[in-house]
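Here the structure comes first, spelled out in structure tokens, and everything after it is commentary.
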2 protein chains.
Amino acid sequence: MSIAEIAERLAAHGIQPTAQRLRIAAVLLSVPQHLSAEQLLAQLVADGARVSKATVYNTLNLFAGRGLIRPLSVDGVRAWFDSNVEPHYHFHDIESGALTDVAVPEVQFSRLPAPPAGMEVAGIELVIRLRKAPGA
Amino acid sequence: MSIAEIAERLAAHGIQPTAQRLRIAAVLLSVPQHLSAEQLLAQLVADGARVSKATVYNTLNLFAGRGLIRPLSVDGVRAWFDSNVEPHYHFHDIESGALTDVAVPEVQFSRLPAPPAGMEVAGIELVIRLRKAPGA
DNA sequence: TTCCTTGCAAAACTTTTGCATTAAA
DNA sequence: TTTAATGCAAAAGTTTTGCAAGGAA
């Protein structure tokens, strides 16, 4: 994805395209992936980008608030961000912590509860925890 | 639930029944509920129990490891523990943070993905995020 | 005695915030 | 010139850990 395309996507979400935001978006959106703030910062530093930790956190929250990325709750320890905002689910390897996408058609709900009165469903987060199979 | 019954449940999970663990279990298991470590500590202190923060965390991790309670990942901020270990799902009010149980029969999966080779499903965590409905 | 548990405090880790500086509109 | 974004460091919040003291087997 070119810088111009990234800038366009930011603009489409009402986000000013600063140098740091472009670098951060370039990493996040290069490939569908799941990253923590620390991992993202490490990659940016490795790439030679001049970005501070505060800006990484601020930018992740900004992007998430504007729907450019999706925050995930897979462990209670730290926040994860998914650069794929299309509906989908996740496998979570308990031991390694690895996250793998599960495409929507792989899961079918034949029944879902109606939300309580006055409420509507904002999203469905499904995490299938995996462990090593006994015989494996 | 009497002290003796609580001690029995601990024993059934291979947990030595110390004074602090009994107090902690008494709070957790009194009613099916969702608690954070800090909330649990606050309640214990309010009840006049002599328990330290470290013991609360250690005990929660011990209980979770032995299957007496279930850790929940509903936000990336802190860990939640559910005293109901029977399979079930959750509504999560984004605004207030409130957690509500969704009984198993309320959700039916007509299709679930097969786990990757050598892996088995350890659990399914389903969180339905709720927001205020526009007209409400 | 021996082993396990607890409390306290400190440390580790994740995330947010205050504020001066810099960059952009 | 006015506003917004950034970096740095400090602070805040959550969880873990080291270690001495206490309690149970």
Side-chain angles (χ1 to χ4, degrees), chain A residues 3-4 6-7 10-11 13-28 34-45 47-66 68-81 97 99, chain B residues 3-4 6-7 10-11 13-28 34-45 47-66 68-81 97 99:
Chain A
I3 301 283
I6 293 171
L10 294 190
H13 288 81
I15 299 168
Q16 304 275 357
T18 69
Q20 282 80 357
R21 289 174 183 173
L22 287 170
R23 295 293 299 249
I24 291 171
V27 171
L28 280 170
H34 317 97
L35 286 176
S36 68
E38 213 58 42
Q39 287 180 336
L40 176 56
L41 178 58
Q43 171 132 13
L44 287 163
V45 168
D47 291 356
R50 186 179 158 278
V51 202
S52 71
K53 187 187 290 194
T55 296
V56 168
Y57 277 98
N58 289 339
T59 303
L60 284 171
N61 287 336
L62 174 67
F63 284 5
R66 299 294 171 83
L68 192 66
I69 58 179
R70 158 142 75 109
L72 297 180
S73 303
V74 289
D75 58 39
V77 184
R78 89 205 77 231
W80 291 91
F81 294 89
L99 280 174
Chain B
I3 302 282
I6 293 170
L10 295 190
H13 288 80
I15 300 168
Q16 304 275 358
T18 69
Q20 282 80 359
R21 289 174 184 171
L22 287 170
R23 296 293 298 250
I24 291 171
V27 172
L28 281 170
H34 316 100
L35 286 176
S36 68
E38 213 59 42
Q39 287 179 335
L40 176 57
L41 178 59
Q43 171 131 14
L44 288 163
V45 169
D47 293 354
R50 186 179 159 281
V51 201
S52 72
K53 187 187 289 194
T55 296
V56 167
Y57 277 98
N58 289 339
T59 303
L60 283 171
N61 287 336
L62 174 68
F63 284 5
R66 298 294 171 83
L68 192 65
I69 57 179
R70 162 146 67 117
L72 297 180
S73 303
V74 288
D75 57 39
V77 184
R78 88 204 81 228
W80 292 90
F81 294 89
L99 279 175

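If you're wondering where the values come from, they're calculated on a predicted model, not measured in any experiment. Residue numbers begin at 1 in each chain, while the letters A, B, ... track the order of the sequences.
Atom CD in A:Q39 sits roughly 16 Å away from atom C1' in C:dT15 (whole-Å rounding). What separates CG of A:D75 from P of C:dC13 is a distance of 15 Å, to the nearest Å. Here the C1' atom of nucleotide C:dT15 and the CG atom of A:L62 are 16 Å apart, to the nearest Å. Separating the CZ atom of A:R23 from the C1' atom of D:dG7 is a distance of 16 Å, rounded to the nearest angstrom. B:K53 has its NZ atom 16 Å from the P atom of D:dT17, to the nearest Å. Regarding B:R50, its CZ atom lies at a distance of 11 Å from the C1' atom of C:dC8, rounded to whole Å. Atoms CG (B:L40) and C1' (D:dT15) sit 14 Å apart, rounded to a whole Å. Atom CG in A:N58 sits about 8 Å away from atom P in C:dT16, given to the nearest Å.
B:L22 places a side-chain heavy atom less than 4.5 Å from the side chain of B:P17. In this structure, B:W80 and B:R70 have side chains that are not in contact, with every pair of non-hydrogen atoms separated by 4.5 Å or more.
Proximity of B:N61 to the phosphate of D:dT15: no side-chain N or O atom is located under 4.0 Å from OP1 or OP2. OP1 or OP2 of D:dG7 sits under 4.0 Å from a side-chain N or O of A:T55. In this structure, A:R78 does not reach the C:dT15 phosphate: none of its side-chain N or O atoms is under 4.0 Å from OP1 or OP2. OP1 or OP2 of C:dT6 has at least one side-chain nitrogen or oxygen of B:T18 nearer than 4.0 Å. Considering only side-chain N and O atoms, B:R21 lies under 4.0 angstrom from the phosphate OP1 or OP2 of C:dT5.
Remark on DNA chain D: of its neighbouring residues B:A37 and A:A19, the 5'-side contact belongs to A:A19, judged by nearest-heavy-atom nucleotide. For the pair B:Q20 and A:Y57, both in contact range of DNA chain C, the more 5′-proximal nearest nucleotide belongs to B:Q20.
To the nearest 0.5 Å, the span separating CG on B:L41 from CG on B:L35 amounts to 11.5 Å.
Tested against A:I69 for a side chain to side chain contact (heavy atoms under 4.5 Å, CB included), the candidates A:I24, A:L60, A:N61 yield a single pass: A:L60.
When distances run from any side-chain atom of B:Q16 to the nucleotides D:dT15, D:dG7, C:dT5, the shortest one goes to C:dT5.
Across every non-hydrogen atom of A:A25 and A:L10, the tightest pair is CB-CD2, 4.1 Å.
Nucleic acid contact for B:E38: none, since no nucleic acid atom lies under 4.0 Å from a heavy atom of the residue.
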